[in-house]
Amino acid sequence: MKFSRKFLDPGAALALSAGLSACGHLGPAADTDPWIRGVDVSEARGAEAAGVQFRDLDGQVKPALQIVRDHRYNWVRVRLMIDPQTTDGNYGLLQDLPYVKAVMKDAQGRGLKVLLDLHYSHWWADPGNQWLPARWKGQSDEALAKSVYDYTHDVITQLRAQGTAPDMVQIGNEINGGMLWENGRIRKDDMTAFVKLTNAGANAVRDASGGRAGMPPIMVHIAKTGDAEATVAWYRAFIAAGGWVDTIGLSYYPMWHGDFANLSKTVAALRSTFDWAKVYVAETASYWDRNQVGITEGLPYPQTPQGQLDYLRALTPAVRDAGGSGIFYWGGFWSQSSKWLTAPGWKDDDASRRSLFDDRAQATPAIDGLN
């Protein structure tokens, strides 16, 4: 069944979202954005502040985001955490609101568009971790939805006040099983409580932006890419529950999500079913050096600088030809982490082997992989 823009009218969405207005899957206003060549820059500013000097392919030291711009990226992605302090280290979670405001000024000042990734957590948000920040513990579902709305409204208001409204907003990160557990956990395929929270965030983006016409599109991001049928079913259920989604974001890591054929099949199935929604790979990465976690299968290219480049060169047509609209590379600036990362609970630094910068903080050839 193909889900058209008319699948759920605004009145039905209002009822299904338990009092939180939602007509989100109707799709964003038409735009002329080109193919997205994006990179997640969440670590870059913190690394630079700690003394990392990022170098271009020729060895020249440059500001991190200038390297991004010089290599024809047109978008960046940055995550925003809630109270990201931990007792024994930072675990790479440097991205409070002042940090993100500075990143967005830097990015948009260089002509880059920004995907704002709202984690709604103090900790990494992924299919196995969607934990409530301490400030919201013990709240009822209704109170938590209001907290999400108020927080999101304040974030967008502050960003707009400094002239850096985000160009797209991601509500939650890899929210396969819901978000803000336990309140927003999906139980027995029931998305009611979960959708109330995501819609609270989307409604806040709309209201802080002065209405639907002036707001950025809302991305809903999951990580089921290796299973096209399950991925389509998830979005179908989300929309049926009244969930607001303008664009679809997928995580794709070949060691966990299958080969390029699986990815292409998933993107094509989503575009066929939800033809009003652009589909993006919101996260991907590949190794320039041998991984530190014992992965031996599912890697389509050698773990070398050339293999990393070849992976990205092959990924673009796999996504584009299936109807996708762009790719964001994850962890691109995870380099020289001993200078900025404190994570005594981690046994490896595997993300550094997937960065777009080597141990000298010099760009690998894959910096041009999405061109």
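- Cluster membership check: Trp256 shares its hydrophobic cluster with Ile222, using side-chain heavy-atom separations under 4.5 Å among Ile, Leu, Val, Met, Phe, Trp and Tyr.
- Looking at Asp141 and Lys196, no side-chain N of the basic residue comes within less than 4.0 Å of a carboxylate O on the acidic one, giving no salt bridge.
- Note: the hydrophobic cluster containing Leu312 does not contain Leu309 (ILVMFWY, side chain heavy atoms under 4.5 Å, direct or indirect links).
- Legend: residues meeting side-chain hydrogen bond (donor to acceptor under 3.5 Å, both in side chains) with Ser251, ordered by chain and number and at least two apart, are Glu174, His221.
- Remark: the Arg55 side chain and the Gln60 side chain contain no N/O donor-acceptor pair separated by less than 3.5 Å.
- If you take CD1 on Ile175 and CG on Leu180, they are separated by 10.0 Å, rounding to the nearest 0.5 Å.
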Val281 vs Leu263, test: side chain to side chain contact (heavy atoms under 4.5 Å, CB included). Steps then yes/no.
CA-CA 9 Å; Val281 171; Leu263 172 61; 4.2 Å; yes

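- At distances below 3.5 Å, not a single donor-acceptor pair connects side-chain atoms of Ser264 with backbone N or O atoms of Ala261.
- Lys105 is linked by a salt bridge (Lys or Arg N to Asp or Glu O under 4.0 Å) to nothing, counting only residues two or more places apart in sequence or in another chain.
- Here Lys188 does not pair with Asp190 in a salt bridge; the nearest charged N to carboxylate O distance is not below 4.0 Å.
- Scored by the salt bridge (Lys or Arg N to Asp or Glu O under 4.0 Å) test, Arg185 finds Glu182 as partners (sequence neighbours excluded).
- Here the straight-line distance linking atom CZ of Arg79 with atom CG of Asp40 works out to 6.0 Å at 0.5 Å rounding.
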Can you give me every donor-acceptor pair (side chain of residues 362-371, partner residue at least two apart or in another chain, under 3.5 Å) with its distance?
unit_1: Gln362; atom_1: NE2; unit_2: Leu57; atom_2: O; d: 2.8
unit_1: Thr364; atom_1: OG1; unit_2: Gln308; atom_2: OE1; d: 2.9
unit_1: Thr364; atom_1: OG1; unit_2: Leu356; atom_2: O; d: 3.4
unit_1: Thr364; atom_1: OG1; unit_2: Ala366; atom_2: N; d: 3.4
unit_1: Asp368; atom_1: OD1; unit_2: His71; atom_2: ND1; d: 2.6
unit_1: Asp368; atom_1: OD1; unit_2: Asn371; atom_2: ND2; d: 3.0

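- Note that CG of Leu112 and CG of Asp106 are 8.5 Å apart. Values are rounded to the nearest 0.5 Å.
- For the pair Arg37 and Trp75, the NZ or CZ position fails the cation-pi test of under 6.0 Å to the six-membered ring centre and within 45 degrees of the ring normal.
- Among residues two or more places apart in sequence or in another chain, the ring-ring contact (aromatic ring centres under 6.0 Å, His included) test is passed with His257 by none.
- Checked against side-chain hydrogen bond (donor to acceptor under 3.5 Å, both in side chains), Gln53 has no partners two or more places apart in sequence or in another chain.
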Evaluate the side chain to side chain contact (heavy atoms under 4.5 Å, CB included) criterion for residues Ile36 and Asn74: first the C-alpha distance (whole Å), next the side-chain angles of each, then the deciding distance (0.1 Å), finally the verdict.
CA-CA 6 Å; Ile36 287 182; Asn74 51 9; 4.2 Å; yes

For Leu93 and Trp123, what are the C-alpha separation, side-chain angles and deciding distance, and is it a side chain to side chain contact (heavy atoms under 4.5 Å, CB included)?
CA-CA 7 Å; Leu93 301 174; Trp123 185 248; 3.7 Å; yes

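- Using bins of under 30°, 30° to 60° and over 60° for the plane-to-plane angle, the ring pair Trp136/Tyr151 lands in the perpendicular bin.
- Asp154 pairs by the salt bridge (Lys or Arg N to Asp or Glu O under 4.0 Å) definition with nothing, not counting sequence neighbours.
- Residues Tyr91 and Trp346 bring their aromatic ring centres within 6.0 Å.
- Listed by chain and residue number, nothing satisfies the side-chain hydrogen bond (donor to acceptor under 3.5 Å, both in side chains) test with Arg45 (two or more places apart in sequence, or in another chain).
- Between the OH atom of Tyr287 and the CZ atom of Arg354 there is a distance of 4.5 Å, given to the nearest 0.5 Å.
- Ser352 contributes atom OG, which lies 8.0 Å from atom CG of Asp289 (distance to the nearest 0.5 angstrom).
- Side-chain contact annotation: Trp334 with Asp349, donor-acceptor N/O pair under 3.5 Å present.
- Follow the hydrophobic side-chain contacts under 4.5 Å out from Ile327 and you never reach Trp288; the two are in separate clusters.
- The neighbour count for Glu229 CD, taken as heavy atoms of other residues, nucleotides or ligands under 6.0 Å away, does not exceed 12.
- Between Arg271 and Asp275 there is no salt bridge, since none of the side-chain N atoms of the basic residue sits less than 4.0 Å from a carboxylate O of the acidic one.
- Using cut-offs of 30° and 60° on the angle between ring planes, the pair Phe194 and Phe238 is tilted.
- In this structure, the separation between CG on Leu197 and CE on Met191 is 13.0 Å, given to the nearest 0.5 Å.
- Checked against the 6.0 Å centroid threshold, Tyr252 and Phe328 do not count as a close aromatic pair.
- Residue pairs that meet the salt bridge (Lys or Arg N to Asp or Glu O under 4.0 Å) test with at least one member in residues 116-126, sequence neighbours left out, are Arg77-Asp117.
- Distance alone, capped at 3.5 Å, places no donor-acceptor pair between the Ser121 side chain and the Leu132 backbone.
- Not counting sequence neighbours, the partners of Trp131 by the side-chain hydrogen bond (donor to acceptor under 3.5 Å, both in side chains) test are Asn129.
- Listed by first and then second residue, the side-chain hydrogen bond (donor to acceptor under 3.5 Å, both in side chains) pairs involving residues 291-302 are Asn291-Gln303 (not counting sequence neighbours).
- Counted within 6.0 Å of CG on Asp88, heavy atoms from surrounding residues, nucleotides or ligands total more than 12; the atom is thus considered enclosed.
- Of the possible polar contacts, one joining the Tyr99 side chain to the Ser42 backbone as a donor-acceptor pair under 3.5 Å is found.
- Here Phe357 pairs with Phe54, Phe333 under the ring-ring contact (aromatic ring centres under 6.0 Å, His included) rule; sequence neighbours left out.
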Trace of the ring pair (Phe, Tyr, Trp, His ring centres under 6.0 Å) decision for Tyr73 with Tyr329
CA-CA 10 Å; Tyr73 291 86; Tyr329 195 91; 8.6 Å; no

Show the numbers, then the answer: is there a side chain to side chain contact (heavy atoms under 4.5 Å, CB included) between Thr247 and Phe274?
CA-CA 10 Å; Thr247 66; Phe274 315 106; over 6 Å; no

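- The main-chain N or O of Asp359 is found under 3.5 Å from a side-chain atom of Gln336 such that the two form a donor-acceptor pair.
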